[in-house]
Amino acid sequence: MPSEEELIAQRLEKRERLLATGDPYPARTARTHTAAAAIAELEASEAVGLERTERIVTVTGRIAAQRVMGKAAFLDVRDGSGRVQLHLRADTVGSDAFQRIDLLDLGDFIEATGPLFRTRTGEPTVAVATYAVLVKAVRPPPEKWHGLQDVEARYRQRHLDLMSNERSREIARTSAAVVASVRRFFHERDFMEVETPVLQSEAGGAAARPFVTHHNALGRDLFLRISLELHLKRLLIGGFDRVFEIGRVFRNEGVSTRHNPEFTLLESYEAYADYHDVARMVEALLRHVAAEVAGSLQVPHGEHVIDLEAPFARTTYRQALIDHAGIDLREHRDLDSLRAVARARHVAFEATASWATLLDALMSTLVEPHLVQPTFIFDYPTELSPLAKRKADDPEVVERFELFVLGRELANAYSELNDPVEQRERMQAQAAKAAGGDEEAEVADEDFLEALEYGMPPAGGLGIGIERLMMLVTGEHSIREVILFPAMRDRTDS
RNA sequence: GGGCCCGUAGCUCAGCGGUAGAGCAGCGGACUUUUAAUCCGUCGGUCCUGGGUUCGAAUCCCUGCGGGCCUACCA
């Protein structure tokens, strides 16, 4: 009789029957071993030749599979460490307890105690002497063999995805390991980890539209941060020489395979370092993470193998455009000339695009897709980088680099602009663009500008989209696979 | 935002103008070392929504909702 309602009704009925003889939701368990620890225990005890009765364990977990055959049954039980098999026999657990296995369903959690042994096929197994229900689940889990395949359901109900798909668990573990590894890298280098405000009166530090929210008590609108930059720099001003933050930022933009409205940004700032120091650090960081998390500096991704071992390619913005597109920006100093180039190459651009914006469009379409192996691009046009320090010998270019892997930007860094007068001018230029209707132009943050006037040490700053790094390491192509709960439209149950 | 594709049982999927199907899960039965257990029986549907075409629509057409992939911006 199983429509969904009926399946739930059956389980609720079983819950009632369990309640009659005990508590199907006890607060405590008597677990002695995780599934993995139990198996390790069996192996260890076999090695020293212990008797079966000397290796009694209590394991707990969710019932993942059930094979009942008359007066014996096998249950596969899974906990966070892995899976272990249980064997129940009517003559061992008693006929009443054996009959009560009809009250068990896939998805329930149980606790079982008994000696470890191997079946004749060698499977490590607990010969259950006693067992108890820990949780009666009242909804059925996804199909045991194929798991949950429906992509939408996997994102909306991640708990079901994780419960039924090993690959999804693996991605989640790897992603967590990436963050832990990044954190370890910076701690080892004496960077201080900090947390800065998510709610801000101005959302600065990047070119993006912010989310707006409202503070009732203060009676004013606040913005969710779009970057970590401006507050971290204030910490440099305050006297901390090495700081970093790993935090969620929010950008009010479209969602896609590569974009989620909230994502995790890593930013670090190091006083007395310049962008070349930061580039060396980024190289070391990627190797550190790949070695720790992927176990190799050759990272497979689709048809490519990313080589993190060889020195990363280094070129300049201008040279990359020459090499990959045959365009020398010095030969196209004026907007009209550059527009002609873009048209000739069939690169789309907005009518309002400035010279630098148009240049960036050319970069994105003609150059970046070719940068599969790690490649640093140094020295960006000043107009695109309002927070970066100009190169001493060429004021049209700033000391900024981006690192590309798999044709996508992975890191962005610069020698930080610390001249308060110039910073004010550059921010005002951005503010003028904003006033001109550019919703993604940077805002002038007066508090930041004032702070900068107290003096910020020369410093190298870095930003890395953590999900991009997770995608690189896991080999996934969609950001939604590495974000546990990606943004989805409301479902209006139609 | 544009293009292509998808939405059928709790889950995985067939069916693509003529009475809505299978496997898993469930329920009943057999089975005391199985492991996608096996075997027999059985229950289960707003075929995403709303319109249209047709004697007849899960199937063809249109609209809407949700999703995926590619593409455009950002990280």
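To find a chain, count down the sequence lines: A is the first, B the second, and so on, and within it residues start at 1. Model, not experiment: these values are computed from the prediction.
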Please measure how far the C1' atom in B:A14 lies from the corresponding atom in B:G1, and state the result in whole Å. 36 Å
Round to a whole Å and report the spacing from CD of A:E143 to C1' of B:A36. 8 Å
Taking a pair as Watson-Crick or G-U wobble with both distances under 3.5 Å, which nucleotide is matched to B:G18? B:C55
Could you measure between the two C1' atoms, the one in B:A58 and the one in B:U46, and give it in whole Å? 12 Å
Using atom CZ of A:R139 as one end and atom P of B:G10 as the other, report the distance to the nearest whole Å. 11 Å
With the stacking rule set at 5.5 Å and 30°, tell me whether A:F263 counts as stacking on B:A75. yes
Inter-nucleotide P distance (B:C55, B:G67), Å rounded: 38 Å
What interatomic distance, in whole Å, is found between P of B:U12 and the corresponding atom of B:C48? 14 Å
Is there a Watson-Crick or G-U wobble partner for B:U42 with both distances under 3.5 Å, and if so, which one is it? B:G26
Rounded to whole Å, the CE-C1' distance (A:M69 to B:C31) equals 7 Å
For atom P, what is the distance between B:U49 and B:A57, given to the nearest Å? 15 Å
Does A:S256 reach a base, just sugar-phosphate, or nothing at all? Heavy atoms under 4.0 Å. base
Side chain to side chain, A:I171 and A:V482, heavy atoms closer than 4.5 Å: yes
Euclidean distance for P, B:C60 against B:C70 (whole angstrom): 26 Å
In whole angstroms, the gap separating C1' of B:A75 from CG of A:L384 amounts to 15 Å
P atoms of B:C27 and B:G7, separation to the nearest Å: 31 Å
